[in-house]
Structure formats: C-alpha cells, structure tokens
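For reference, positions follow the sequence shown, starting with 1. Only this structure's heavy atoms are used, side chains among them; waters, hydrogens and symmetry mates stay out.
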Amino acid sequence: VTGFEKKSGKIIKIAKLCGYVRETNYGKWFDVKSKTSAVNLAYTKEKWTNTGGLTAIYDDDKTGDSLREYYEVEGQTQYNYTEKRYAFLQTDYVKDTDQGYDYVWNTNAGYGRTFYKNEKYHMTLDGQLGPGYRIAPTNDNAIQDQQITGNGSLIYNWQITKTTAFAQTANVSYAKSDTISQANSSITTKFYQQFGIQFAFNLTHHTNVPDDASKTNTLTTVSLTYDF
C-alpha cells in the first residue's frame, strides 16, 4: 500500500475500507514488540500509568504563630487495558489545619474511561468511578471517622505545548457523615525531563465539619512536580 501518511494508527483507515475493525482488549491498534520471557505476544510500555504529587504549605504571622498548615500526598496508578478503558488505584492524604480534622486519608479504586479525545488539539476528558475507604480523625481525636465512600471524578487535560499542560478536575467523595467536593485547576510547565513547576487553585467543600472549622476552603499553590 502506498500514498498514505506514515503515522501511528493510520493503518486503521486502510483497514476500514475492507470492513469493520473490531476493537480487542489491546485497543484498535497496538505495537507488537519482541520481549524476552513475555507473558503475551503483544507488549507495550504504555499499559501502566503512574502519577503522584506532594504539596507542603506553612503560613504564619509576624509573631511566629501558625495561621495555616497544609500538607498533601497523592498518587494514582492505572492499568490501561484498552485505549479508552482502565482500572485505577488512588490514594490521597491531606492534613489541613482549616478543615477541623487531624488529617483526611482516602483510598479508592475502580473503573476509568476516556470519554473524549482530540488528537489535533491534544485534549482528553476522563471519568472515574469506584468505592473507597476514608479515615478522618478530628484534631482532638474526639471523633475517629472511618467510613466506606463512593467516589466519582471528571478529569480534563489539555497539552497546550510539548512542555506546558492545563488540567481541570472535579471530584466528589460521598460518605454518610461528610461528603467532600473538590475542584482543582492547574497549569504545569516542565523545565527538565520529568520535573516541572505547577500553578494551581483548589476549592474544597465539606457538608459536615467539626465545630469552628470552615466548610469551604480555597488554596492557591506553586509547587514542584515529577511525572513517572
């Protein structure tokens, strides 16, 4: 066959001229590579995707008294079993002096799907849904909140340039005692390989919080990121 673009995936257009292209568990197309002791004939390094982040903020007044402390460690690993479908495991630990809890630790797993993908403008929209488990003791340890949660999220990504990306996420973690809703906007620019700098704005709302704590909190951050 001659006269068509030599780009990854373009062979599908030729195949469609012959008939219906059935999607396999590897997606509509994939690269077949040689691998020693492979457990399957089809092998690709893109089956697994891992992301993580660390944020630490300490704010005090002129007397040295702490006004706010915020620490967050988050990570997600996902197995892409087709081009648009994946299974994921996510964990998130937050310690915020404004929320009334000593910390909030939520771990969840479930199913994810890419609903929209525009290769020309490098945009994607993903949705994730699954159960989880939350631990959230209050600052005075009067309440040790441990509950099963229901979690859902929408994730929009736009790769503006090769090194700059915009992301918008919306998450809801439902539990009987307290439902947590979050919206996060960020722009990240890589400056060296996997390292980058991120400017982000976060809005968090709790339906029920301990006494003297705020239900709605906002946070603007500048942080270092690493993709692996």
Side-chain angles (χ1 to χ4, degrees), residues 49 51-59 67-78 86-116 123-158 165-188 198-223 225:
T49 303
T51 58
L54 172 65
T55 303
I57 297 173
Y58 180 85
D59 186 20
L67 296 179
R68 186 178 186 183
E69 293 181 55
Y70 182 95
Y71 307 100
E72 181 176 12
V73 180
E74 59 180 335
Q76 175 170 309
T77 183
Q78 67 184 55
Y86 57 89
F88 72 91
L89 174 65
Q90 182 185 63
T91 187
D92 183 68
Y93 174 91
V94 176
K95 183 178 178 66
D96 185 357
T97 54
D98 279 5
Q99 67 184 0
Y101 295 102
D102 184 31
Y103 63 86
V104 176
W105 184 10
N106 188 52
T107 298
N108 64 96
Y111 170 79
R113 179 179 173 84
T114 301
F115 295 108
Y116 173 77
M123 298 179 183
T124 60
L125 176 64
D126 284 36
Q128 295 182 170
L129 189 67
Y133 190 75
R134 183 195 302 164
I135 302 175
T138 56
N139 288 329
D140 56 5
N141 286 316
I143 301 175
Q144 182 75 18
D145 189 9
Q146 301 183 37
Q147 291 197 68
I148 294 175
T149 60
N151 305 274
S153 62
L154 289 174
I155 307 142
Y156 170 76
N157 288 291
W158 176 24
F166 171 79
Q168 176 69 52
T169 63
N171 308 299
V172 176
S173 178
Y174 171 81
K176 186 176 181 180
S177 62
D178 179 24
T179 296
I180 305 174
S181 303
Q182 288 184 317
N184 187 78
S185 302
S186 66
I187 186 165
T188 305
Q198 183 182 85
F199 302 87
F201 175 79
N202 177 271
L203 173 67
T204 303
H205 177 76
H206 294 255
T207 58
N208 185 32
V209 293
D211 295 337
D212 301 325
S214 175
K215 287 188 174 182
T216 302
N217 294 299
T218 60
L219 184 67
T220 302
T221 62
V222 180
S223 55
T225 64

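- For Gln78, the side chain to side chain donor-acceptor pair (under 3.5 Å) partners at least two apart in sequence or on another chain are Gln76, Asn80.
- Applying the ring pair (Phe, Tyr, Trp, His ring centres under 6.0 Å) test to Tyr133 and every residue at least two apart in sequence or in another chain returns nothing.
- Listed here is the closest heavy atom pair of Tyr86 and Gly127: OH-O, 4.1 Å.
- For Tyr111, the side chain to side chain donor-acceptor pair (under 3.5 Å) test picks out no residue, with sequence neighbours left out.
- Separation of atoms CZ (Phe88) and CG (Leu129) is listed at 7.5 Å; rounding is to 0.5 Å.
- Scanning for salt bridge (charged side-chain N to carboxylate O under 4.0 Å, His left out) contacts around Lys95 gives Asp102, with sequence neighbours left out.
- Partners of Gln147 according to the side chain to side chain donor-acceptor pair (under 3.5 Å) rule, which considers only residues two or more places apart in sequence or in another chain, are Asp145, Ser177.
- Note that the OG1 atom of Thr188 and the CZ atom of Phe166 stand 10.0 Å from one another [nearest 0.5 Å].
- Within the 3.5 Å criterion, the main-chain N or O of Thr207 finds no donor-acceptor partner in the side chain of Thr179.
- Within the model, atoms OG1 of Thr107 and CG of Leu89 stand 7.0 Å from one another, a figure rounded to the nearest 0.5 Å.
- Annotation: the span from Glu69 atom CD to Ile57 atom CD1 amounts to 11.0 Å, rounded to 0.5 Å.
- Across all their heavy atoms, Tyr156 and Trp158 have their closest contact at OH-CB, 3.7 Å.
- Residues His205 and Thr216 share a closest heavy-atom pair of ND1-OG1, 2.8 Å.
- At most 12 non-hydrogen atoms from other residues, nucleotides or ligands lie less than 6.0 angstrom from CD1 of Ile148.
- By the salt bridge (charged side-chain N to carboxylate O under 4.0 Å, His left out) test, Asp126 pairs with no residue at all, sequence neighbours left out.
- Thr169 is linked by a side chain to side chain donor-acceptor pair (under 3.5 Å) to nothing, counting only residues two or more places apart in sequence or in another chain.
- Judged purely by atom type and a 3.5 angstrom limit, Asp178 uses its side chain to pair as donor or acceptor with the backbone of Asn208.
- A search for side-chain contact (heavy atoms from CB on, under 4.5 Å) contacts involving Val73 returns Leu54, not counting sequence neighbours.
- Under the rule for a side-chain contact (heavy atoms from CB on, under 4.5 Å), Leu154 has no partner lying at least two apart in sequence or in another chain.
- When each of Thr77, Thr51, Asn108, Asn106 is paired with Gln90, the side-chain hydrogen bond (donor to acceptor under 3.5 Å, both in side chains) condition holds for Asn108 and for no other.
- Asn151 and Ser153 are not linked by any side-chain donor-acceptor pair at a separation below 3.5 angstrom, with hydrogens and angles left out of the test.
- In terms of the side-chain contact (heavy atoms from CB on, under 4.5 Å) criterion, residue partners of Asp92 (sequence neighbours excluded) are, by chain and number, Glu72, Glu74, Val94.
- For Val209, the side-chain contact (heavy atoms from CB on, under 4.5 Å) test picks out His206, Ala213, Lys215, with sequence neighbours left out.
- Here Thr221 contributes atom OG1 and Tyr70 contributes atom OH; the two are 8.0 Å apart, rounded to the nearest 0.5 Å.
- Exactly one of Asp96, Thr204, Ile180 qualifies for a side-chain contact (heavy atoms from CB on, under 4.5 Å) with Val104. That residue is Ile180.
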